[in-house]
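First up is the structure itself, then whatever we jot down about it.
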Amino acid sequence: MPELPEVELVRRRIETGVLGSRIEEVQILDLKRLDSVSPERLKDELKGKTFIKVGRIGKQLLLGTEAGVLAIHLGLTGDVVIGTSVDRLPRFARLIVRFEDGRRMVFEDMRRFGRVGFARSVDEIVARKRLGPDVMVVSSRTFAERARRHKRAIKSVLLDQSVVSGIGNLYADEALFQAGIHPQTLASFLSESELRNLHRCAKRVMGRSLTVGSDFDLLPRTYLLRNRREGEVCPGTNGARLASITVGGRTTVYCPRKQRLRRAPR
DNA sequence: GAGTATGTTATATG
DNA sequence: GCATATAACATACT
């Protein structure tokens, strides 16, 4: 499910679903999802409170109450669904927040990579997670300045949430594809304008995904995401075949013709 | 059974 | 400190 656009869609769902409802009870079905908060404290902190603001930085969901912030990270397979007590509980429900008006917010997570934490403030979460600025909010200038400091493959830098937060494996590939940059190019080899352009591509891709509800089939045919598999025909016009390599431990699909590797700084 | 998966983090190594 | 590689977490699906 979740990279920035998917998390943003969840954020909006939560915002329209539970903003302003008083919390009656919190049920923790999987203790290991909790991150630096005890079950007792989490329940105490939330009971009787109201979510008054639902924010997001990168892939981190931030549900603010009068007294603190519930931080939800969806991991690889997490989701948050809003319903009522008559609905069937999702199969992989890990945490349930019941509201006084009968509504219910359920954090579900099949593979259990997600995490739920609590802090007094958003700043505390940012510091604890070492979260860089959100990719949709940060300026291209700042993005370029932060990225260029690293002497690592640009793809690894894009995935490093402390540099800039929100980009995941799929959108990293798409942004690099659109920008025509080989994923293994060292970030420090890229020029300021190349990095700015890369940032624009990343933002455009994610914005576009948001407008189609993250349904990849509704993305333009020119997008790599439509057919992100080794051996597929490049969705550009060059007829090349897509290649697959590993960068920073992650599967990386790119077009060898459009994204050439450069071995010296520009 | 083998291989793969949208994420993060700890650990070891250079 | 920086960068890389690897494993670990856990489970479904092809």
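Labels below follow one simple rule: chain letters A, B, ... track the order of the sequence lines, proteins then strands, and each chain is numbered from 1.
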Sub-3.5 Å pairs of nitrogen or oxygen atoms, protein against nucleotides 2-6 of chain C:
residue	atom	partner	partner atom	Å
C/dA3	OP1	A/Lys151	N	2.8
C/dA3	OP2	A/His150	ND1	3.4
C/dT4	OP2	A/Arg152	NE	3.3

Partners meeting side chain to side chain donor-acceptor pair (under 3.5 Å) with A/Ser162 (sequence neighbours left out): A/Asp160

Closest heavy-atom pair and its distance - A/Phe51, A/Val18: CD1-CG2, 4.0 Å

Distance in angstrom units between A/Leu61 CG and B/dG7 P, rounded: 14 Å

Donor-acceptor under 3.5 Å (A/Gln259 side chain, A/Ile181 main chain): yes

Atom pair distance, as rounded to whole Å: CZ in A/Arg226 and P in B/dT6: 19 Å

Whole-Å gap separating C1' (B/dT6) and CG (A/Leu219): 14 Å

Non-neighbouring partners of A/Tyr254 that pass ring-ring contact (aromatic ring centres under 6.0 Å, His included), sequence neighbours left out: A/His182

From CA spacing to verdict: side-chain hydrogen bond (donor to acceptor under 3.5 Å, both in side chains), A/Ser36, A/Arg128: CA-CA 10 Å; A/Ser36 28; A/Arg128 188 194 296 163; 3.2 Å; yes

With A/Ser188 via side-chain contact (heavy atoms from CB on, under 4.5 Å) - residues at least two apart: A/Lys151, A/Leu186

Atom P, compared across C/dT6 and B/dG3: separation rounded to whole Å: 16 Å

Phosphate OP1/OP2 of B/dA5 contacted by A/Thr251 side-chain N/O (<4.0 Å): yes

Polar side chain donor-acceptor pair, A/Glu145 to A/Thr142, under 3.5 angstrom: no

Residue-phosphate contact under 4.0 Å: A/His73 side-chain N/O, B/dG7 OP1/OP2: no

Per-pair distances, 0.1 Å, donor-acceptor, side chain in residues 62-74 of chain A, under 3.5 Å, sequence neighbours excluded:
residue	atom	partner	partner atom	Å
A/Thr65	OG1	A/Ala67	N	3.0
A/Thr65	OG1	A/Gly68	N	3.1
A/Thr65	OG1	A/Gly68	O	3.3
A/Glu66	OE1	A/Thr50	N	3.1
A/Glu66	OE2	A/Thr50	N	3.4
A/His73	ND1	A/Gly75	N	2.9

Qualifying residues under ring-ring contact (aromatic ring centres under 6.0 Å, His included), relative to A/Phe118, sequence neighbours excluded: none

Solution key, residues 242-253 of chain A side-chain donor-acceptor pairs under 3.5 Å, sequence neighbours excluded:
residue	atom	partner	partner atom	Å
A/Thr252	OG1	A/Lys155	NZ	2.9
A/Thr252	OG1	A/Arg250	O	3.1

Under-4.0 Å side-chain N/O to phosphate OP1/OP2 contact, A/Gln161 with B/dG7: no

Heavy-atom side-chain proximity of A/Arg104 to A/Leu89 below 4.5 angstrom: yes

Helical stems, DNA chain B - three or more consecutive Watson-Crick or G-U wobble pairs below 3.5 Å: B:2-5 with C:11-14, B:7-14 with C:2-9

B/S/- contact track for nucleotides 9-14 of chain B, protein heavy atom under 4.0 Å: S-----

Contacts of type side-chain contact (heavy atoms from CB on, under 4.5 Å), residue A/Ser121, not counting sequence neighbours: A/Asp123, A/Glu124

Spacing of A/Ile125 atom CD1 relative to B/dT8 atom P, expressed in whole Å: 14 Å

A/Gln60 CD - B/dG7 C1' separation (whole Å): 11 Å

Summary of protein contacts for nucleotides 7-14 of chain C, nucleotide by nucleotide, where a base hit scores B, a sugar-phosphate-only hit scores S (4.0 Å, heavy atoms): --BBBS--

Hydrophobic cluster identity match, A/Val80 and A/Leu34, side-chain contacts under 4.5 Å: yes

Separation of atom CD1 in A/Ile167 from atom P in B/dT8, rounded to whole Å: 11 Å

Nearest-angstrom distance from the residue atom CG of A/Asp160 to P of B/dT8: 10 Å

Residues that A/Arg241 engages under side chain to side chain donor-acceptor pair (under 3.5 Å), provided they are two or more places apart: none

